[in-house]
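Read the structure below first, then the notes.
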Amino acid sequence: MQTANNKILSRIYGRGRGWAFIPNDFIGEFDRKQIDNALSDLTKDGKIRRICRGMYDYPKYSDLLGQELSPDHDQVAQAFARKFNWRILPSGDAALNLLGLSTQIPGKFIYLSDGPDRKYTILSYQLEFKKTALKEIGFKHRESGLIVQALKALGKERITSEVIEKIRKQIAPEKYGKILQETKTVTGWVYDAMKQICREG
């Protein structure tokens, strides 16, 4: 039993602090009883944290605060997406937060999804999934949808050169063309901003 515990812990540590996961993330290598026992033991030992029913994380730790930090909302959302086989996309504050355009930590993060409407309480915040038309979330590259949602959350009047540059620095130049190609059907002012973000040179 100890061997399975050590192997699963090694897998968790390998993903780094902040990773959120579900039992099925280990199903290819271990049977369900081994996984459940290991996760239960590792939680009791304080190696991992149970953040809601059937979900855990390897928490980030703040030396400054001397405590574990709140679960990473995007990691948790992606774990739900794997669990239910949903396609998801950060919206509003969640998108702004991921792109570093907002330093505020909201009490609720909203994700668009092709699954049903759902709400979950994750320790210090709420995570909400909103059923959305596939065209809103059906981008091949995650960056495309993330930027579109962040721009919409900001609104046309708040798109400054500083915002453009901040987003631009986070996108690999080789993705510019692909992002522009798959976002050309979005609202005009959003696409104008996309063209500024993904300009060559």
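This chain uses plain numbering: 1 for the first residue, then up along the sequence.
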Partner set under side-chain hydrogen bond (donor to acceptor under 3.5 Å, both in side chains) for Asp36, not counting sequence neighbours: Arg32

Flag, side chain of Asp31 to backbone of Gln34, donor-acceptor distance under 3.5 Å: yes

Any donor-acceptor N or O pair under 3.5 Å, side chains Asp192, Gln196: no

Ser70-Ser124 side chain donor-acceptor pair, cut-off 3.5 Å: yes

Pairing residues for Asp25 by the side chain to side chain contact (heavy atoms under 4.5 Å, CB included) criterion, not counting sequence neighbours: Trp19, Phe21, Ile22, Arg82

Check: Ser10 side chain, Ile8 main-chain N or O, donor-acceptor pair, under 3.5 Å: no

Trp189 backbone acceptor or donor facing Thr187 side chain under 3.5 Å: no

Side-chain donor-acceptor pair present, Tyr120, Arg118, cut-off under 3.5 Å: yes

Check: Phe129 main-chain N/O paired with Lys119 side-chain donor or acceptor under 3.5 Å: no

Side-chain donor or acceptor of Asp57 paired with backbone N/O of Gly18 under 3.5 Å: no

Glu68/Arg49 salt bridge by N-O under 4.0 Å criterion: yes

Whether Gln126 side chain and Gly107 backbone form a donor-acceptor pair below 3.5 Å: no

Heavy-atom donor-acceptor pair, Gln170 side chain to Lys166 backbone, under 3.5 Å: yes

NZ/NE/NH1/NH2 to OD/OE distance under 4.0 Å, Glu165 and Arg199: yes

Any donor-acceptor pair under 3.5 Å from Thr160 side chain to Val163 backbone: yes

Tyr61 side chain to Gly66 backbone, donor-acceptor under 3.5 Å: yes

